[in-house]
Amino acid sequence: MASYDFKGIESKWQGEWDKRRSFAAPEPTPEKPPYFLLVMFPYPSGNLHMGHVRNYTIGDVLARFHRRNGRSVLHPIGWDSFGLPAENAAIKNNTNPADWTWKNIDVMRGQLKSMAISYDWDREIATCHPDYYRWNQWLFIKMFEKGLAYRKKAAVNWCETDQTVLANEQVHDGKCWRCDNPVTQRELSQWFFKITDYAEELLTGHEQLTPAPGRKGWPEQVLTMQRNWIGKSHGAHVDFAALADGKKTGDSIRVFTTRPDTLFGATFMVLAPEHPLVDQLTTPAQKTAVDAYRVKAKSLSKIARTAEGREKTGEFTGSYAENPVNGQPVPVWIADYVLTDYGTGAIMAVPAHDQRDYDFAKKFGLKIIQVIKPASGEMPEGRAFEAVGTLINSGPFDGVPVEEAQKTVAAWLETQGKGKPTVTYKLRDWLLSRQRYWGTPIPMVYCDGCGIVPVKTTELPVRLPTNVAFTGTGASPLAQAADWLNVPCPQCGKAGRRETDTMDTFVDSSWYYARYVDPKNTALPFAKKEADKWLPVHQYVGGSEHAVMHLIYSRFFHKVLRDMGMVSCDEPFSSLLTQGMVTLGGSAMSKSKGNVVDPNSVIDTYGTDTCRLFILFAAPPSQQLEWSDKQIEGIWRFLNRFWRLVETLSGSDETRALKRTPGDGAETIDSAELVRRTHVAIQRVTSDIDVDFGFNTAISAIMELVNSIYLYVDLGDAASTTAVETAAHLLYPFAPHIASEAWERLGHATILTETPWPKADLSKTVSSSVEIVVQVNGKVRERIRMAAGAVEEAVKAEALASLEKKGITLAPKRVIYVPNKLVNFVGN
RNA sequence: GGGCAUGUGGCGGAAUGGCAGACGCUACGGACUUAAAAUCCGUUUCUCUUCGGAGAGUGUGGGUUCGACUCCCUCCAUGCCCACCA
């Protein structure tokens, strides 16, 4: 028998769904509640890769499943289409990033359509389109007005030769990717979002995302990663009085520490080289050395400065400060291992109990004082002791355990006016300025008279100019477009100058989910009425590599939208499925690594249904999937095996009457057993999809059902017809074309897409007899068959009898009994 | 260096603390065929075996338990995200 005609079937059903507009999101009603299913939209890099196929297939299974389970499904797609690769391609080929991007979008849209992912294509969006990015600008201005967008200085990677800013990925081994010259740091005024204002709520908001009865929530590991990323830590601010000639100058240096308990062991201080007090503290004798060190720190690229395993460097300022707990003078140093933008940009160093401080002290011959006694009594040899113990050399706090001292020392400092207990977050404000062309222009104008003025919202969008050259050198392309750059000040009308930085593309993806609810709105990013209909997103599906950045930025944006009165809920995504990466040779498929497998090769040979089934069957969705096409043949065989059953049942009367004759020695099952297995399959597949996202096991359950039908003798009767129809139902979310065709061939006038999902009759799933494992001291010795629900005493007696038959007699001290499963005789 | 995952046959993987290896691939044997493909029927964790079976086995080493792939601790390896976070 020939293989099934996947080409004919797939194009037939894609045409049919298109004609019926089967996937346009219907208006939600109380009877048909909303189900917003969102998949992370792709960057249009050129072609779909296997990671996309996996992501969008998972999404489609859920969309098709919930549509048939009485929900109004909104399943949209779009393009995260601003970004560096388009600009790099433009530099390389001397073209415009827009042309490259739109061409890629056309290719990838075609691929998604050929995979029959059930999107509502009427809602397609692209972030590089002015109809989208004008709302980035609108939101930016609103945030600026609320004080959530502000400017401050921050360092960028700078190539002196090309006179241009480089992204981290354009820096290789501290050198420029184009000209191979060393990369340095440069301070620029840049735009920031004040995400730190929301640090506490981003943390407490997790309560709404924790799995609970009736709510899938987010994976625990993602919540943990976000918690660590936000990095709330309790500690203390401590003020060290600056000294000159042994006397207090009146200035003080504030540090943040998570270990106030070690304060008596603070033997020196370290400031970031950029710390504002450095000039003042540096003595004339040390000025040359300190200045040289600061220049050197600046000349290193961010990457080089933070490279792993770097030897500690630093310089003494010549000044001292007073340790507030014991009045001891401590030398003040600068070093680049202290960061300006965490804590206060200055630390107290406790070399005995912090490894970095220890390394520094050893290198520069600074004093080390032990203030914590390990429980073992032994200090480690040649390194810092960072664990807990009790305090020593700590004046009034001697003998206090570390855990207690962390609180009492901080409280005591406060009574002395020398510090106070403080909470700090690792989360930093979001630097959104990019010195790039292919992004959303930041809609601000610099005016000599009025300062920084936002563009009037009625004047939006500020479109990207098209008459620019892409050379990869010099200032941002936007700074070269003179007619675009020079505009009147929106406030006073005098000559002004546009901001030439564009926005980080994470801005685009921070609120795109909300645009889908009202994608054509020309007055607002989206209407509140539409947002309230669909939000929050019921199920979000995407790569686990976005666990922190994208998923924190969107949560931040959503809370800002809420505070602006644009949405009603607190969190954007109520349930999250993080899929694992698709790898080849152990690392993620990427063009630059050249380890990409083109999905088209699979689709052309075996069809979309096989491809979809295959990628879901290969591994559970949250796990990493190492690509191998070995199993495709098996999936192909399975679909053909299913198809032959459909052909047999839908054939001529003679064929229908044909009784199957399973081969010699093959097991056969009766109709009661086939009915039972049919209901078991419905039950397993339904709960695998709906509860566990266990698509691989759902597919194996369908395979088992099909295998069972082949063991059945009276093929063509009611039980077997129902079984084959059920297989079509269950196959639908995974392989919708073949399932739809099968349903039609089996004589149904309805189309499967519009047919309700089958329900398992649980009373029919129970088996009349069960196998019970008989163990002796935990080792399996025998298996017995008993009627399901047999009483304990009968099972034990039967178990003992069966052992005796094998020549094992025992007098157990204890018997463990698990109904319908196991008897364990212990202690014979 | 930190955070988060993962580790089970030749391979992908399955298993509410209760039969380890479901389902599928590969390989091998058989049926059908002039032949091949397709299909169908078997075997396929390892070691030993008197062919009845016995023993070992889920990265390493320990622990809890009548019973551990599953829970706890140690270490090792791999992947992802971050980068000296006081």
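In this text the structure is predicted, and so the values were computed from the model without any measurement. Every chain is numbered from 1 and lettered A, B, ... according to where its sequence line falls, protein lines coming before strand lines.
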* Asked: Should the pair A:Arg227-A:Glu220 be classified as a salt bridge under the 4.0 Å nitrogen-to-oxygen rule?
  -> yes
* To do: State which residues pass salt bridge (charged side-chain N to carboxylate O under 4.0 Å, His left out) with A:Arg54; sequence neighbours excluded, sorted by chain then number.
  => none
* Indicate, with a heavy-atom threshold strictly under 4.0 Å, whether A:Thr257 touches base, sugar-phosphate, or nothing. => sugar-phosphate
* Under the side-chain contact (heavy atoms from CB on, under 4.5 Å) test, residues paired with A:Asn696 that sit two or more places apart -> A:Pro620
* Are the side chain of A:Gln226 and the backbone N or O of A:Ala547 linked by a donor-acceptor pair below 3.5 Å? -> yes
* **Sidechain N-carboxylate O distance under 4.0 Å for A:Lys232, A:Glu200** => yes
Enumerate all atom pairs, one protein N or O and one N or O from nucleotides 71-79 of chain B, separated by less than 3.5 Å.
{"from": "B:G79", "atom 1": "O2'", "to": "A:Gln624", "atom 2": "OE1", "distance (Å)": "2.8"}

* To do: Starting at atom NZ of A:Lys426, determine the distance to atom C1' of B:G2, rounded to an integer number of angstrom.
  => 7 Å
Check: protein-nucleotides 65-67 of chain B nitrogen or oxygen pairs below 3.5 Å:
{"from": "B:C66", "atom 1": "OP1", "to": "A:Arg814", "atom 2": "NH1", "distance (Å)": "3.3"}
{"from": "B:C66", "atom 1": "O2", "to": "A:Asn824", "atom 2": "ND2", "distance (Å)": "2.6"}

* Indicate the ring-plane relationship of A:Phe695 and A:Phe693, choosing parallel, tilted or perpendicular according to the 30° and 60° boundaries. => tilted
Distances for protein N or O near nucleotides 3-7 of chain B N or O, under 3.5 Å:
{"from": "B:G3", "atom 1": "O3'", "to": "A:Asn228", "atom 2": "ND2", "distance (Å)": "2.9"}
{"from": "B:G3", "atom 1": "O2'", "to": "A:Asn228", "atom 2": "ND2", "distance (Å)": "2.7"}

* To do: Would you please name every residue forming a side-chain contact (heavy atoms from CB on, under 4.5 Å) with A:Ala346, sequence neighbours left out?
  => A:Ile253, A:Val255, A:Leu271, A:His275, A:Thr344
* Asked: Is B:G9 syn or is it anti, if syn means the base angle is within 90 degrees of 0?
  -> syn
* Under 4.0 Å between a Lys/Arg side-chain N and an Asp/Glu carboxylate O for A:Glu647 and A:Arg644? -> no
* Would you mind telling me which residue lines up with the more 5' stretch of RNA chain B, A:Val773 or A:Trp229, judged by nearest nucleotide? => A:Val773
* **A:His52: ring-ring contact (aromatic ring centres under 6.0 Å, His included) partners, not counting sequence neighbours** => A:His49, A:Tyr56
* To do: May I ask you to say what A:Glu626 touches in the nucleic acid, namely base, sugar-phosphate or nothing, with a heavy-atom cut-off under 4.0 Å?
  => nothing
* Taking it one step at a time, do A:Arg428 and A:Asp341 satisfy salt bridge (Lys or Arg N to Asp or Glu O under 4.0 Å)? -> CA-CA 8 Å; A:Arg428 296 177 209 174; A:Asp341 46 4; 3.2 Å; yes
* Asked: More 5' along RNA chain B: A:Ala618 or A:Asp354, using each one's nearest nucleotide?
  -> A:Ala618
* Rounded to whole angstroms, how far apart are CZ on A:Phe642 and P on B:A38? -> 22 Å
* **Residue pair A:Val325 / A:Val238, side-chain heavy-atom distance below 4.5 Å** => no
* Asked: Can you pull the salt bridge (Lys or Arg N to Asp or Glu O under 4.0 Å) pairs that have at least one residue in residues 689-705 of chain A, sequence neighbours excluded?
  -> A:Arg684-A:Glu704
* Write down the distance between CZ (A:Phe695) and C1' (B:G24), rounded to a whole number of angstrom. => 19 Å
* Distance between C1' atoms of B:U78 and B:C66 (Å, rounded) -> 36 Å
* To do: With sequence neighbours excluded, tell me which residues meet salt bridge (charged side-chain N to carboxylate O under 4.0 Å, His left out) with A:Arg641.
  => none
* Asked: Going 5' to 3' along nucleotides 44-58 of chain B, which nucleotides have protein heavy atoms under 4.0 Å from the base (write B), which only from the sugar-phosphate (write S), and which from neither (write -)?
  -> -----------SS--
* Structure fact -> Whole-Å distance, A:Leu639 CG to B:A38 C1', equals 16 Å
* A:Trp636 and its ring-ring contact (aromatic ring centres under 6.0 Å, His included) partner, picked from A:Phe614, A:Tyr4, A:Phe642 -> A:Tyr4
* Would you classify A:Val548 as touching base, sugar-phosphate or nothing, given that sugar-phosphate means primed atoms plus P, OP1 and OP2, and contacts are heavy atoms under 4.0 Å? => sugar-phosphate
* Determine which bases of RNA chain B form Watson-Crick or G-U wobble pairs with both distances under 3.5 Å, and write the result as a 5' to 3' dot-bracket string with | for other-strand partners. => (((((((..(((.....[....))).(((((.......))))).((((....))))..(.(((..]....))).))))))))....
* To do: Would you sort out whether A:Phe734 and A:Leu616 count as a side chain to side chain contact (heavy atoms under 4.5 Å, CB included), showing the intermediate values?
  => CA-CA 8 Å; A:Phe734 307 99; A:Leu616 293 177; 3.6 Å; yes
* Asked: Taking the six-membered ring for Trp, are A:Trp333 and A:Phe360 parallel (under 30°), tilted (30 to 60°) or perpendicular (over 60°)?
  -> perpendicular
* Structure fact -> Residues passing the ring-ring contact (aromatic ring centres under 6.0 Å, His included) test with A:Tyr817, sequence neighbours excluded, are none
* Atom pair distance, as rounded to whole Å: CG in A:Asn696 and C1' in B:C23 -> 9 Å
